[in-house]
Amino acid sequence: MAITPPPSTTPADEPLRALEAASDLLKALASPVRLGIVRELSQGGKYVHELVATLGVSQPLVSQHLRVLRNSRIVTTRRQAREIRYHLTDEHIAHIVLDAIRHAQE
């Protein structure tokens, strides 16, 4: 049985991959709660209970959305004592979200 080598990538594939990655990022942000989480985290790290209080939604809902953001590598975690503090992985995400919110308010 012959082993098929993995498909080679060409420079022409790079723009498509970048578009797919951008699309995945925007899909991960495509929720009012997730946008709110990113907006809050743009001001610094937060605990889940702080996000619940600020956003006015339930703890399970915030945790569910944080899981999506973590899986998309938009947020990271740091354990502090018995709690987990959430942080943005990259400040560029904050700019994207804050610009989108400002644009929607125009």
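Just the heavy atoms: all of them, side chains too, but no hydrogens, waters or symmetry mates, feed the values below. We number each residue from 1, following the sequence as shown.
- Shown here is Arg78, whose CZ atom has no more than 12 heavy atoms of other residues, nucleotides or ligands within 6.0 Å.
- Atoms CG and CD1, from Asp90 and Ile96 in turn, are 8.0 Å apart once rounded to the nearest 0.5 Å.
- Nearest heavy atom pair, residue Ala28 against residue Ile74, reads CB-CD1, 3.7 Å.
- Leu26 and Val75 end up in different hydrophobic clusters when Ile, Leu, Val, Met, Phe, Trp and Tyr side chains are linked at under 4.5 Å.
- A continuous path of hydrophobic side-chain contacts links Ile101 to Val33 [ILVMFWY only; heavy atoms under 4.5 Å].
- For the atom pair CG of Leu61 and CG of Leu55, the computed distance is 9.0 Å after rounding to the nearest 0.5 Å.
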With a cut-off of 3.5 Å and sequence neighbours excluded, list every side-chain donor-acceptor pair involving residues 42-54.
{"unit_1": "Ser42", "atom_1": "OG", "unit_2": "Arg39", "atom_2": "O", "d": "2.5"}
{"unit_1": "Tyr47", "atom_1": "OH", "unit_2": "Gln80", "atom_2": "OE1", "d": "2.6"}
{"unit_1": "His49", "atom_1": "NE2", "unit_2": "Glu83", "atom_2": "OE2", "d": "3.3"}
{"unit_1": "Glu50", "atom_1": "OE1", "unit_2": "Tyr47", "atom_2": "N", "d": "2.7"}
{"unit_1": "Thr54", "atom_1": "OG1", "unit_2": "Glu50", "atom_2": "O", "d": "2.9"}

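- For His103, there are no side-chain hydrogen bond (donor to acceptor under 3.5 Å, both in side chains) partners two or more places apart in sequence or in a different chain.
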Give the table of side-chain donor-acceptor pairs shorter than 3.5 Å for residues 64-73, with sequence neighbours excluded, one pair per line with atom names and distance.
{"unit_1": "His65", "atom_1": "ND1", "unit_2": "Arg34", "atom_2": "NH1", "d": "2.9"}
{"unit_1": "Asn71", "atom_1": "ND2", "unit_2": "Arg67", "atom_2": "O", "d": "3.4"}
{"unit_1": "Ser72", "atom_1": "OG", "unit_2": "Val68", "atom_2": "O", "d": "3.1"}

### Query
Where do Glu40 and Ile37 land on the side-chain contact (heavy atoms from CB on, under 4.5 Å) test, with the steps shown first?
CA-CA 5 Å; Glu40 293 305 313; Ile37 290 170; 5.9 Å; no
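- In this structure, the side chain of Thr76 does not engage the main chain of Thr89 through any donor-acceptor pair within 3.5 Å.
- No continuous path of hydrophobic side-chain contacts links Tyr86 to Leu98 [ILVMFWY only; heavy atoms under 4.5 Å].
- Thr77 OG1 to Arg85 CZ: the interatomic distance, rounded to the nearest 0.5 Å, is 12.5 Å.
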